[in-house]
There are 2 protein chains.
Amino acid sequence: MSMAKRKIRDAAAQVDVSDAVLARFLGYHLKRAQTVLMGDMNGAIAPLGLRMITFSALAMVVANAGLRQSQLADALAVERPNLVVILDDLEERGLITRDRVPSDRRAYALRPTPAGRTLFDEATAAVAAHEARMLAGVSAADRAAALRVLAAIRHGAGGA
Amino acid sequence: MSMAKRKIRDAAAQVDVSDAVLARFLGYHLKRAQTVLMGDMNGAIAPLGLRMITFSALAMVVANAGLRQSQLADALAVERPNLVVILDDLEERGLITRDRVPSDRRAYALRPTPAGRTLFDEATAAVAAHEARMLAGVSAADRAAALRVLAAIRHGAGGA
DNA sequence: CAAATAAGTTATAAAGTATAATCATTATAG
DNA sequence: CTATAATGATTATACTTTATAACTTATTTG
């Protein structure tokens with residue numbers, strides 16, 4: 001069987017596939033982009049021993065020193081029990097401390113260590129560089145518009 | 001203890017929390033928006049017995065009748081083994097059929113049933129209505145810009 | 001024709017996310 | 001003031017999603 005004939009037969013046997021039926025939905029693009037970005041970003045900070053969720057937690061502790069676990073869980077939309085293991089990791093690696101709050105001895109105040117601040121700086125640079133690479137071909141105006149749209153989705157779910 | 005005093009003490013005990021440190025990253029907004037949209041969307045089509053992934057699979061079969069499982073898995077970026085159970089569900093409910101391909105008897109050609117097409121129409125309307133609600137306050141220009149950004153992320157990951 | 005490859009499946013594991021129950025402590029109602 | 005309710009953190013656990021390995025059957029290739 002000739003190469004030409006084989007190609008024709010293969011073409012007949014396999015339908016051309018398009019995701020146009022889904023591409024009309026922003027939610028579809030959102031999910032696909034999120035998967036790609038998250039995977040790629042995790043790769044970018046893996047050398048620092050971080051994942052996106054651990055980086056987020058560390059960043060929030062650096063920027064909001066003294067906050068409590070429940071506040072952090074709320075801010076990141078992570079269930080409290082799941083945050084515990086994330087903070088265990090950061091604490092064991094000497095990046096943050098859990099300090100008992102004198103005025104409420106149930107609570108822990110989370111604070112970064114010097115090592116935590118240093119790693120945060122490195123990771124922030126890595127994440128920023130990675131995003132810059134991913135958005136290289138995108139105009140600042142489009143980037144700003146995308147931010148507005150994402151914020152609207154995040155805050156307006158089920159609204160009106 | 002007076003109300004005023006209590007508030008002062010509480011304010012001292014609990015730090016104000018802001019996620020500004022993360023808000024500079026588009027990836028953060030992307031993840032938050034995706035979580036919200038996905039959850040809300042799943043709620044919108046749950047009455048039809050669908051989730052986003054099963055709706056996506058059904059839609060692709062309707063729009064690309066005759067495609068094979070491996071093509072569908074590639075198109076949706078789902079691992080082949082995971083697609084099997086999704087299609088099992090759709091097939092058992094009489095929404096699609098798996099037809100042996102005569103020219104390649106390893107493969108199945110996926111086709112929608114009339115019931116599948118009907119459910120697809122209903123679900124598409126529900127999803128479209130839901131997205132319209134979520135994006136009510138967003139201009140068409142912003143929506144288009146967001147689409148461009150998401151497409152760039154999806155296709156340009158790690159690129160140059 | 002034998003060996004390598006591909007389609008689909010099964011089984012399983014790893015990761016992410018959610019729920020219930022518990023302990024210690026603080027706040028509130030009577 | 002004390003009994004009760006509520007909160008912060010934790011443990012244990014379950015559920016969902018996603019990924020990997022191995023297998024069967026069929027096709028392709030050397």
Side-chain angles (χ1 to χ4, degrees), chain A residues 1-3 5-7 9-10 13-15 17 31-32 34-36 38-39 42-43 46 50-54 56-57 66-91 96-110, chain B residues 1-3 5-7 9-10 13-15 17 31-32 34-36 38-39 42-43 46 51-54 56-57 66-92 96-110:
Chain A
M1 188 177 280
S2 76
M3 191 62 181
K5 262 190 168 174
R6 150 123 298 124
K7 268 186 184 167
R9 200 194 129 203
D10 286 354
Q14 295 222 169
V15 133
V17 174
K31 181 173 189 295
R32 298 295 296 258
Q34 209 280 323
T35 302
V36 166
M38 173 91 112
N42 277 329
L50 295 172
R51 290 168 298 148
M52 264 192 77
I53 186 61
T54 50
S56 297
L67 88 169
R68 301 176 177 190
Q69 294 189 197
S70 55
Q71 290 181 296
L72 181 54
D74 284 354
L76 293 180
V78 171
E79 294 300 322
R80 263 73 56 105
N82 298 329
L83 184 60
V84 170
V85 305
I86 294 166
L87 297 178
D88 284 350
D89 174 51
L90 293 176
E91 189 185 28
I96 66 166
T97 59
R98 283 195 253 222
D99 306 328
R100 282 282 181 205
V101 176
S103 62
D104 185 347
R105 288 177 27 214
R106 295 169 299 185
Y108 287 114
L110 305 173
Chain B
M1 190 177 281
S2 78
M3 191 61 182
K5 261 190 168 173
R6 146 122 300 123
K7 268 186 183 166
R9 200 197 127 202
D10 285 356
Q14 294 221 169
V15 133
V17 175
K31 180 174 189 294
R32 297 297 295 260
Q34 208 280 324
T35 303
V36 166
M38 172 91 111
N42 277 328
R51 290 169 299 147
M52 265 191 74
I53 187 59
T54 50
S56 297
L67 88 169
R68 300 175 180 193
Q69 293 189 197
S70 55
Q71 289 182 296
L72 181 54
D74 283 354
L76 293 180
V78 171
E79 294 301 321
R80 262 73 56 103
N82 298 329
L83 184 61
V84 170
V85 305
I86 294 165
L87 296 178
D88 283 350
D89 175 50
L90 293 175
E91 189 185 28
E92 281 161 21
I96 67 167
T97 59
R98 282 196 254 221
D99 306 329
R100 281 283 180 203
V101 175
S103 61
D104 185 346
R105 287 177 26 215
R106 296 169 299 184
Y108 287 115
L110 305 173

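Each chain gets a letter, A, B and so on, in the order its sequence line appears, and its residues count up from 1.
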Checklist entry - How many Å lie between CG on A:Asp89 and P on C:dA15, as a whole number? => result 13 Å

Checklist entry - Which comes earlier along DNA chain D counting from the 5' end, the contact point of B:Val78 or that of A:Asp88, where each point is its nearest nucleotide? => result A:Asp88

Next on the checklist: Tell me the interatomic distance from A:Asn82, atom CG, to D:dT13, atom P, rounded to whole angstroms.
Outcome noted: 15 Å

Checklist entry - Counting just side-chain N and O atoms, does A:Arg51 come under 4.0 Å of either OP1 or OP2 of C:dG16? => result yes

Checklist entry - Any side-chain N or O of A:Ser70 less than 4.0 Å from the OP1 or OP2 oxygen of D:dT7? => result no

Next on the checklist: Return the CE to CE distance between B:Met52 and B:Met38, rounded to the nearest 0.5 Å.
Outcome noted: 5.5 Å

Item to check | Whole-Å distance separating the CE atom of A:Met38 from the P atom of C:dA15 | outcome: 14 Å

Checklist outcome for this item: Winner on side-chain proximity to A:Asp104, out of C:dT9, C:dT26, D:dT10, is C:dT26

Checklist entry - Among C:dT9, D:dG8, D:dA9, which nucleotide sits nearest the side chain of B:Val84? => result C:dT9

Next on the checklist: Could you tell me if the side chain of B:Asp74 sits less than 4.5 Å from the side chain of A:Val17, heavy atoms only?
Outcome noted: no

Item to check | Minimum-distance nucleotide to B:Lys31 side chain [options: C:dT17, C:dT9, D:dT18] | outcome: C:dT17

Item to check | A:Arg68 versus B:Gln14, side-chain donor and acceptor atoms under 3.5 Å | outcome: yes

Next on the checklist: Looking at B:Gln71, I'd like to know whether one of its side-chain N or O atoms comes within less than 4.0 Å of OP1 or OP2 on C:dA7.
Outcome noted: no

Item to check | Out of C:dT19, C:dT26, D:dA26, whichever nucleotide has its closest atom nearest the side chain of B:Arg106 | outcome: D:dA26

Checklist entry - In whole angstroms, how far is the P atom of C:dA7 from the CG atom of B:Leu67? => result 13 Å

Checklist entry - For A:Arg100 and D:dT7, what is the distance between atoms CZ and P respectively, to the nearest whole Å? => result 18 Å

Item to check | Comparing A:Pro102 and A:Ile53 on DNA chain C - which has the more 5′ nearest nucleotide | outcome: A:Ile53

Next on the checklist: Reading DNA chain D from 5' onward, which residue's closest nucleotide shows up sooner: A:Arg80 or A:Thr35?
Outcome noted: A:Arg80

Item to check | A:Arg105 side-chain N/O to C:dC23 phosphate OP1/OP2 under 4.0 Å | outcome: no

Next on the checklist: From CG of B:Leu72 over to P of C:dT9, roughly how many Å is that when rounded to an integer?
Outcome noted: 12 Å

Item to check | Distance, nearest 0.5 Å, that separates CD1 of A:Ile96 from CG of A:Leu72 | outcome: 8.5 Å

Checklist entry - If you check every side-chain atom of A:Glu79, which of C:dA18, D:dA9, C:dG8 has the closest atom? => result C:dA18

Next on the checklist: Output the rounded distance in Å from OH (B:Tyr108) to C1' (C:dT9).
Outcome noted: 9 Å

Next on the checklist: C:dT9, OP1 or OP2 - any side-chain N/O from B:Arg98 closer than 4.0 Å?
Outcome noted: yes

Checklist entry - To the nearest 0.5 Å, what is the distance between CG (A:Leu90) and CG (A:Leu83)? => result 9.0 Å

Checklist entry - For residues A:Arg100 and A:Tyr108, is any side-chain donor paired with an opposing acceptor at under 3.5 Å? => result yes

Item to check | Value in whole Å for how far the P atom of D:dT25 lies from CD of B:Gln69 | outcome: 17 Å

